[in-house]
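Have a look at the structure below before the remarks.
Naming convention: chains lettered A, B, ... in sequence-line order (proteins, then strands); numbering from 1 in each chain.
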There are 2 protein chains.
Amino acid sequence: MNLKQLALHLGLSQTTVSRALNGFPEVGERTRRRVLAAAEQFHYRPNASARKLATGRAGAIGVVFSSDRNLLLDPIFTDFLAGVAARSAESDTDVLVSSALGDEADTYRRLARAHSVDAVILSMPREEDPRVSLLHRLALPVVVHGRTESKLPYAHLDIDNEGAFRRATEMLADLGHRRIGLINGDTAFTFALHRERGWREALAARGFAVSAELGRAGQMTEESGYRFARLLLEFEAPPSALLCSSIFAALGAMRAIRDLGLAIGRDVSIVAHDDGLAAVRPETLTPALTTTFSSIRAAGARIAEIAAALAAGADPASLHEVWPVDIVFRGSTLPPPERAS
Amino acid sequence: MNLKQLALHLGLSQTTVSRALNGFPEVGERTRRRVLAAAEQFHYRPNASARKLATGRAGAIGVVFSSDRNLLLDPIFTDFLAGVAARSAESDTDVLVSSALGDEADTYRRLARAHSVDAVILSMPREEDPRVSLLHRLALPVVVHGRTESKLPYAHLDIDNEGAFRRATEMLADLGHRRIGLINGDTAFTFALHRERGWREALAARGFAVSAELGRAGQMTEESGYRFARLLLEFEAPPSALLCSSIFAALGAMRAIRDLGLAIGRDVSIVAHDDGLAAVRPETLTPALTTTFSSIRAAGARIAEIAAALAAGADPASLHEVWPVDIVFRGSTLPPPERAS
DNA sequence: TGCAAGATTCAAAGCGCTTTGACAAATTCA
DNA sequence: TGAATTTGTCAAAGCGCTTTGAATCTTGCA
């Protein structure tokens with residue numbers, strides 16, 4: 001059943017039916033009701049492609065699997081995407097997921113030139129990210145999940161990674177910790193850079209030595225969490241507390257602590273960033289994990305809204321949000337054990 | 001730059017340019033080369049919507065976040081989707097991700113009637129899954145990731161869950177284990193049902209009592225793995241080995257074993273199903289985990305191919321695959337400790 | 001009652017592409 | 001050399017929708 005048939009059936013013009021369906025004001029109330037009823041009855045749905053062609057808008061937003069993480073996939077992406085998809089569904093927008101084969105820039109160019117999407121979501125930005133200016137040149141609106149250095153006005157939503165890790169570090173310092181290790185994501189990415197900065201600043205503010213060797217960055221997997229934690233804890237003067245950039249890394253760090261015959265909390269405190277994944281809940285671990293928490297799913301949902309606004313022509317310069325991050329205090333953080341130092 | 005402009009520039013008709021670009025045979029070789037060169041030069045890309053409208057095919061496949069797991073998201077979905085997206089990119093097909101708000105059936109109806117996609121991928125099917133017949137009625141080709149009871153011909157790709165868990169159970173039995181627990185996914189889903197069946201059959205084949213209480217099913221999270229393992233291990237006659245349906249559940253089970261002061265492997269053996277996630281690698285754990293392994297990413301890639309074939313009109317009845325599952329023997333499985341029993 | 005203003009409705013022109021059926025040019029064959 | 005093919009190209013007709021600009025029908029008011 002298409003518009004023509006529906007119009008024919010109703011004895012109306014396609015124009016009127018289209019307008020009635022799309023809520024234009026110049027349609028009589030009686031007529032509108034008739035149209036709506038018939039559309040309902042025949043399960044009429046405008047053909048997506050035809051509508052796109054006529055309006056020029058794709059009615060879709062794009063998400064590109066960045067090649068950076070193409071091999072090493074981040075499980076939190078599911079939650080993020082679920083947030084995006086859920087909110088997009090509400091505004092009847094499609095979500096197009098593309099994988100960048102080879103050059104990621106090509107993928108964006110393809111999306112732009114084929115007019116497949118009205119806006120794209122850019123994940124895991126780097127401090128200097130050429131993608132933002134590329135998209136600007138392509139005139140493809142973008143909302144960045146995170147932040148990047150750019151003079152160009154670009155919409156973004158980020159969480160306060162710096163503040164979160166600063167406060168977490170301060171909290172550990174308040175408990176008496178002097179040597180606080182950081183197990184971070186790859187600092188090529190802005191979020192990791194910000195976290196490192198927060199940690200570094202808090203240490204500096206207290207006058208603690210900021211030794212680079214206490215800050216490690218890499219993949220946020222269980223295994224690398226384990227490896228880094230072991231490395232740090234086997235130092236002459238090991239840290240008495242560890243900050244982990246992901247729950248998976250924290251799992252690895254906890255394993256390392258145990259493997260070394262130490263107790264989590266009592267011997268080595270742990271704070272982890274929690275994105276709110278259902279698969280591993282920090283509050284159910286033993287001991288329950290102190291976390292910096294921010295729901296990545298909620299971020300996805302909000303980003304979908306921003307993308308929709310952008311697609312509708314909103315000014316990117318006005319679409320900036322930085323969400324505060326909660327610290328949830330639990331059993332994995334205790335004062336450091338008594339020591340000579 | 002659109003087709004018209006390109007044709008104008010070349011002094012050719014739109015027809016010829018279109019045909020040249022799409023590789024039709026009736027275009028002169030010289031002409032074709034000219035057209036291709038110009039298209040390259042001007043970065044011409046056909047407008048996706050226009051092409052869809054003209055051809056009637058959406059050039060996209062759909063993936064629906066099932067409401068079943070909408071709240072409790074599965075991190076392995078990222079890997080699956082990455083596989084789908086990567087392969088789809090090769091065949092220039094879009095991947096549309098939709099979230100089912102409310103009734104999932106509505107989402108499929110919407111996709112079908114708006115002709116947004118040429119085929120859909122159905123994940124986590126149940127034994128009796130109304131979605132398959134719904135999609136059949138909607139004439140929307142479907143490829144099921146897993147299997148379901150249905151008389152209708154439907155394409156699917158599944159892994160041999162039953163065989164995997166049967167062999168894993170047999171392997172444990174061969175090591176001398178008599179009481180083997182199962183920590184499974186929700187048996188409302190076929191994959192979990194099959195795994196349970198494999199476990200059950202192996203036990204029965206050896207003449208071991210198949211006590212229902214040794215088989216537990218629920219979410220595949222760390223927490224529920226912990227809970228179930230604890231429950232089982234606190235029995236009067238606890239299992240000496242545990243089969244876990246996911247690496248996350250295995251992580252929880254390992255924690256439970258340790259919390260009870262037991263040793264993984266020596267006191268309680270563990271086998272887990274490994275989907276190949278990078279975030280948690282069974283071979284790097286202590287002890288390294290014995291697993292049934294099948295890359296969910298590879299499955300996603302192959303499913304994208306099947307979906308493309310379906311979209312191109314292939315007969316679903318001919319598109320069935322069941323992949324064998326490898327068992328990878330590692331340190332977490334040892335003979336059971338000597339006991340009175 | 002007559003007419004301007006407002007409320008509805010419509011026919012037709014795109015949107016940018018593919019594809020059909022016709023036509024011209026080049027080639028082959030008798 | 002002329003007819004019969006084959007090859008290469010084109011104009012035009014859609015695909016199903018939105019939207020413009022004009023036409024028609026109601027009202028309200030003088």
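Residues A/Leu96 and B/Leu96 form a side-chain contact, since some pair of their non-hydrogen atoms from C-beta on lies under 4.5 Å apart.
For C/dT8, the OP1/OP2 oxygens have no side-chain nitrogen or oxygen of A/Thr31 closer than 4.0 Å.
Counting heavy atoms of neighbouring residues, nucleotides and ligands inside a 6.0 Å radius, atom CD of A/Glu26 exceeds 12 of them.
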Evaluate A/Lys52 against A/Arg57 for side-chain contact (heavy atoms from CB on, under 4.5 Å), listing each step before the verdict. CA-CA 5 Å; A/Lys52 287 172 189 177; A/Arg57 286 188 295 102; over 6 Å; no
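You'll find the ring centres of A/His136 and A/Tyr154 outside the 6.0 Å limit. The six-membered or imidazole ring of B/Phe65 lies near that of B/Phe77, with a centre-to-centre distance under 6.0 Å.
The backbone N or O of B/His43 lies less than 3.5 Å from a partner atom in the side chain of A/Arg113, making a donor-acceptor pair. Between the side chain of A/Asn47 and the main chain of A/Ala50, a donor-acceptor pair closer than 3.5 Å is present.
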Do any N or O atoms of the protein come closer than 3.5 Å to N or O atoms of nucleotides 4-6 of chain C, and which pairs are they?
none

Nucleic acid footprint by protein, nucleotides 18-24 of chain D - heavy-atom cut-off 4.0 Å, B for base, S for sugar-phosphate alone: BBB----
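For B/Leu8 and D/dA11, the CG to C1' distance is 15 Å, given to the nearest whole Å. In this entry the distance linking CZ of A/Arg33 with P of C/dT8 reads 12 Å, nearest Å. The separation between A/Asn2 atom CG and D/dC17 atom C1' is 9 Å, rounded to whole Å.
Both A/Lys4 and B/Leu12 sit near DNA chain D, but only B/Leu12 has its closest nucleotide nearer the 5' end.
Among the heavy atoms of the strands, none lies under 4.0 Å from B/Gly56.
Of the residues in residues 108-115 of chain B, none lies under 4.0 Å from DNA chain D by heavy-atom distance.
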